[in-house]
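All ligand and atom numbering here is 1-based and tracks the order in the structure.
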Amino acid sequence: MPADSPELPAKDLRTLIPEYAGLARTATLLNPEPGDPGVRESSLGGELLWPADEPWPYCAQEDHWTFGSDPRNRTEIVPGAVPMVPILQLYARDVPELEFPPGKDLLQLVWCALVHEQDQGPVVPRLYWRNAAEIMAAGPLSEIPGVREGEYDEDNMPEPSTLSPKMAEDYPSRHDLPQDMWETWETRFRSSAGGTGAVWPPDSNVIATKVGGWPAWTQPSDWPECESGHRMEHLLTITGDIQLGDCGGVYFFHCRRCPGLPWDWRFDCH
Ligand SMILES: [Zn+2]
Ligand SMILES: [Zn+2]
């Protein structure tokens, strides 16, 4: 907010601009804390409950690379096919606000932790909706392949963390404010609150790793559409809590109007 902004009035801005209150959505903040989460727990960067009869995913993009771990010798290493790394595992019991597909109670996310030339981010994510009891009945994979030195970029590797989900009210970032609200904000704010100087809409967007709510874009919004042309819904954001380099966040979306829950993802940089 610019330095010459007037003090925000004691009166809640949401009462001054009622449509703003209407944009509130409930998000579940995941609050990761470094720890040692087990496969039966929700986690960020922890081991996943993976079906033994399903091969662990690998990324074989030819152009993915890492700088390597030695900062004095930042040559690019191109390692070939590498195992993807666990990013997120969510049990339905921990995120009651998230609607799971019928019969599913476990959401898992992996990505390749190398850098990919076409978009310079942690990419090639994969998302899975599963039934935990079925995996337990058939037997979970006993050992998940770990990445070795040179097979990941540190910026794309979350530290194994347990989660303490907590619900919060979330508002759109300024990139997602409706145009007419953006354009009339200042006039309406002044007629109610007076003051001089620039007045920006409040940014009550929660920047955190979260499920639901609004994407915590750090750049202009870029909502994906499904193949049927529906604007997808925000599913979850991963940001801030892990070192994503100069990446602002990784955002996942899905379309619940189409069969098969098509999904897509975006990322942006500071
Ligand atoms: Zn890759
Ligand atoms: Zn759709």
Side-chain angles (χ1 to χ4, degrees), residues 25 44-48 50 54-69 74-89 98-104 107-129 141 144-160 176 211-215 221-239 242-269:
R25 291 181 186 169
L44 179 78
E47 296 229 322
L48 306 185
W50 197 266
E54 185 177 315
W56 183 258
Y58 278 69
C59 176
Q61 281 204 13
E62 285 173 7
D63 57 356
H64 61 190
W65 52 275
T66 170
F67 283 117
S69 58
R74 287 178 82 79
T75 45
E76 294 175 14
I77 300 164
V78 184
V82 302
M84 294 199 176
V85 299
I87 298 300
L88 192 64
Q89 168 162 282
L98 176 62
E99 191 182 328
F100 280 68
K104 308 294 183 191
L107 173 61
Q108 295 173 331
L109 181 63
V110 300
W111 69 41
C112 175
L114 288 165
V115 184
H116 298 73
E117 202 58 60
Q118 74 274 32
D119 41 28
Q120 299 284 308
V123 294
V124 210
R126 292 195 197 157
L127 192 148
Y128 307 84
W129 300 95
L141 190 66
I144 289 170
V147 282
R148 292 167 305 202
E149 183 86 31
E151 291 186 336
Y152 62 93
D153 197 86
E154 272 178 21
D155 287 345
N156 299 339
M157 282 287 283
E159 191 172 348
D176 276 330
V211 176
W214 291 86
S221 57
D222 178 19
W223 291 81
E225 287 184 354
C226 73
E227 286 186 357
S228 303
H230 307 133
R231 187 165 109 152
M232 292 188 173
E233 297 169 55
H234 175 239
L235 171 62
L236 61 97
T237 282
I238 294 181
T239 189
I242 63 170
Q243 297 298 315
L244 287 170
D246 55 2
C247 184
V250 190
Y251 316 98
F252 292 85
F253 303 84
H254 65 172
C255 178
R256 287 190 291 168
R257 294 160 70 184
C258 286
L261 273 181
W263 63 277
D264 204 350
W265 64 283
R266 297 282 187 267
F267 85 96
D268 62 15
C269 296

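In this pair, Trp129 and Phe100 present their aromatic rings perpendicular. The plane angle is above 60°, beyond the 30 to 60° band.
Draw a line from the Zn ion (ligand 1) to SG of Cys112 and another to ND1 of His64, and the angle between them is 110° (to 10°).
Remark: Glu54 CD is packed, more than 12 non-hydrogen atoms of other residues, nucleotides or ligands lying under 6.0 Å away. Residue Arg257 places its CZ atom among 12 or fewer non-hydrogen atoms of other residues, nucleotides or ligands, all under 6.0 Å distant.
In terms of distance to the Zn ion (ligand 1), the nearest N, O or S atom of His116 is named NE2.
Among residue pairs with one or both ends in residues 230-239, those qualifying as salt bridge (charged side-chain N to carboxylate O under 4.0 Å, His left out) are Glu233-Arg256; sequence neighbours excluded.
For Asp176, there are no salt bridge (Lys or Arg N to Asp or Glu O under 4.0 Å) partners two or more places apart in sequence or in a different chain. Qualifying ring-ring contact (aromatic ring centres under 6.0 Å, His included) partners for Phe253, counting only residues two or more places apart in sequence or in other chains: Trp217, Trp223, His234.
Any protein N/O/S atom under 2.8 Å from the Zn ion (ligand 2) was counted, giving 4 altogether.
In this structure, Trp111 CH2 and His116 NE2 are separated by 11.5 Å, a value rounded to the nearest 0.5 Å.
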